2 protein chains.
Amino acid sequence: MRMGELSRRSGVSVPTIKYYLREGLLPAGTATGRNQADYGDGHLRRLRVIRVLIDVGGVSVTAAREVLAAIDDPDVVGHHLLGVAHHAVAPAARGRRDTEQWRAARAEVDAVVRRRGWAISPDAAALDHVADVICAARALGLDELLAGMDTYADAAELVARHDIDTVVTRAQRGGPGDEQALMVETVITGTVLGESLLTGLRLLAQEATSARTLGDER
Amino acid sequence: MRMGELSRRSGVSVPTIKYYLREGLLPAGTATGRNQADYGDGHLRRLRVIRVLIDVGGVSVTAAREVLAAIDDPDVVGHHLLGVAHHAVAPAARGRRDTEQWRAARAEVDAVVRRRGWAISPDAAALDHVADVICAARALGLDELLAGMDTYADAAELVARHDIDTVVTRAQRGGPGDEQALMVETVITGTVLGESLLTGLRLLAQEATSARTLGDER
DNA sequence: GCCTTTGGATAGTGCCGCTATCTACTACGG
DNA sequence: CCGTAGTAGATAGCGGCACTATCCAAAGGC
């Protein structure tokens, strides 16, 4: 398959594909001449992954490159991999983390983690991320939201179990390419797509619950 | 309070505050002279809300303006309000929605909604959003993820109930400003912060579950 | 043979969220 | 009453990002 066909089948324009090649998101095709190369199904699949990361995950091109590098790296295994996916999904740090309030929020996160018996590496970015949110909520006086944090944690645990199950199941089932790469790809796309899915369903559930609770005062 | 103090207490630089004034995110202070104005606690609070929307919610300045307009509009009531918040949070449409696969995905969403007895306005943006995600997951062959969609829906319902409860509780408790405005603000900030909180906790729960299931092969 | 497509390289575009600068005016301590 | 610091308002600029446009020489393919 050459560039034109790759473009048509992926829905990504030729200049954009060239851009991704330049940026190292997409590996070069196998050259068949001085100015001719051949692309395979792997390239098509990779392009789909890229679009998911960027469009659905809202990941920057730079972050996507790092994630894709992890997909290709055979040394990345187990749940160290989760760190890579999480790092990419996490937005840049929001505010100052050197305030008294922030440290209090961070302690609150640690308390939740301890209470639930979660084994978390202490340098996980998500710990700080959650602390950021708590800090912001406190600043706005949204204590009711935080009072039910265990509800949120319950929900998070529920989907996380399913997510990990998905990865394990899929690794056993096998699929295109080698097992390792498939598992890595599943973790990353599953993390990104799962987040978006959960977010969307939450909004729907909110509307449904609101209609039921507050009545139909549209 | 004048601009300098507002800047210091909010942590937002003076030029940025001016920019928000220009863009209509922040109402002008009450003028006390030709080039002097007075800002109140409302402005401080508003600035905090703006930062939450932009930093935590990842909302664009344009979308933030619309959301804030809804906060100020006394005619926006009940769960019509949810629509505004959801519209702002929702990212722009990702791909083409005119394909056969997309319509199939959309039908799948409708099926879930019907199965759970959710009363959803048929033009809710979240319906399309979820369909986008399903479409992307199918394209990548991530069927295992979708097989457990009810797990995701359960989790979504769990937090949504809590979210709506929060709004109701808070409206009753009262607080600064009039009830209506407080409720609106709670919906919006709660939607945005809750999403970020849920996302962060999911990542933590994933790591914990992964460590438990896959063992410690770091 | 000749028009189309390709790989490769370089430069440019449009948007977005600020940031810098300027001017004229005001507040305030001394 | 002076001098310095702060302020409102307006305009212009900046840096980053995700593409997009253009050009060239070399295949491809009928």
Side-chain angles (χ1 to χ4, degrees), chain A residues 1-40 43-44 46-47 49-68 88 91-96, chain B residues 1-40 43-44 47 49-68 88 91-95:
Chain A
M1 179 185 355
R2 288 186 315 176
M3 177 136 303
E5 190 180 348
L6 184 63
S7 169
R8 237 175 302 112
R9 288 175 56 182
S10 65
V12 179
S13 77
V14 170
T16 300
I17 293 178
K18 286 184 175 184
Y19 168 66
Y20 290 156
L21 285 167
R22 277 201 303 282
E23 293 297 315
L25 302 196
L26 191 65
T30 54
T32 64
R34 185 177 292 272
N35 64 336
Q36 213 80 139
D38 195 52
Y39 304 94
H43 289 91
L44 190 54
R46 170 61 68 100
L47 267 179
V49 173
I50 292 172
R51 296 316 312 190
V52 165
L53 286 174
I54 290 178
D55 288 343
V56 182
V59 167
S60 74
V61 167
T62 313
R65 175 171 45 227
E66 288 165 22
V67 174
L68 294 166
R94 303 118 174 19
R96 290 150 288 158
Chain B
M1 178 185 356
R2 289 185 314 175
M3 174 127 327
E5 191 180 348
L6 184 62
S7 169
R8 236 174 303 110
R9 286 176 56 183
S10 65
V12 179
S13 78
V14 170
T16 300
I17 293 178
K18 287 185 173 185
Y19 169 66
Y20 291 157
L21 286 167
R22 276 201 305 281
E23 293 297 315
L25 301 196
L26 191 65
T30 54
T32 63
R34 186 177 291 274
N35 63 333
Q36 213 80 143
D38 195 52
Y39 304 93
H43 290 90
L44 190 54
L47 268 178
V49 174
I50 292 172
R51 298 314 314 190
V52 165
L53 286 175
I54 291 178
D55 289 344
V56 182
V59 167
S60 74
V61 167
T62 313
R65 175 171 45 225
E66 289 166 22
V67 174
L68 294 166
R94 303 118 174 17

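Because the structure is predicted, anything quoted here is derived from the model rather than measured. All chains are named by letter (A, B, ...) in the order of the sequence lines, taking the proteins before the strands, and each is independently numbered beginning at 1.
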Nearest heavy atoms of A/Val67 and A/Ala88, plus distance in Å: CG2-CB, 3.0 Å

Which atom pair, heavy atoms only, marks the closest approach of B/Tyr39 to B/Arg2?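 Closest pair (atom of B/Tyr39, atom of B/Arg2, distance): CD1-C, 3.9 Å.
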
Report yes or no: does B/Ser10 contribute a side-chain atom to a donor-acceptor pair with the main-chain N or O of B/Leu6 at less than 3.5 Å? yes

Protein within reach of the bases, or only the backbone? For nucleotides 9-22 of chain C, mark each nucleotide 5' to 3' as B, S or -, using heavy atoms under 4.0 Å. -B------BBB---

First and last nucleotide of DNA chain D, 5' to 3', lying under 4.0 Å from heavy atoms of chain A: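 So the outermost contacting nucleotides come out as D/dA18 to D/dG28.
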
Can you give each donor-acceptor pair under 3.5 Å made by side-chain atoms of residues 57-66 of chain B, sequence neighbours left out, with the distance rounded to 0.1 Å?
{"unit_1": "B/Ser60", "atom_1": "OG", "unit_2": "B/Ala63", "atom_2": "N", "d": "3.1"}
{"unit_1": "B/Arg65", "atom_1": "NH1", "unit_2": "B/Glu23", "atom_2": "O", "d": "2.6"}
{"unit_1": "B/Arg65", "atom_1": "NH1", "unit_2": "B/Glu23", "atom_2": "OE1", "d": "3.4"}

Would you mind reporting whether A/His43 and A/Met1 have side-chain heavy atoms less than 4.5 Å apart?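 A/Met1 vs A/His43: side chains apart.
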
B/Leu25 vs B/Leu53 side-chain heavy atoms within contact, under 4.5 Å: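 The answer is no, as the side chains (C-beta and beyond) never meet within the 4.5 Å cut-off.
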
Sequence neighbours excluded, which residues qualify as side chain to side chain contact (heavy atoms under 4.5 Å, CB included) partners of B/Asp38? B/Thr30, B/Thr32

Could you state the atom-to-atom distance from CG of A/Leu6 to P of C/dT5 in whole Å?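 Distance check: A/Leu6 CG to C/dT5 P gives 16 Å.
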
Starting at CD1 of A/Ile17 and ending at C1' of C/dG7, how long is that distance when rounded to a whole Å?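 From A/Ile17 CD1 to C/dG7 C1': 13 Å.
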
From B/Leu26 CG over to B/Thr16 OG1, what is the distance, rounded to the nearest 0.5 angstrom? 11.5 Å

Tabulate atom names and distances for all N/O pairs under 3.5 angstrom spanning the protein and nucleotides 25-29 of chain C.
{"unit_1": "C/dC25", "atom_1": "O2", "unit_2": "B/Asn35", "atom_2": "ND2", "d": "2.5"}
{"unit_1": "C/dT26", "atom_1": "O4'", "unit_2": "B/Asn35", "atom_2": "OD1", "d": "3.1"}

Among residues at least two apart in sequence or on other chains, which ones pass ring pair (Phe, Tyr, Trp, His ring centres under 6.0 Å) with B/Tyr20? none

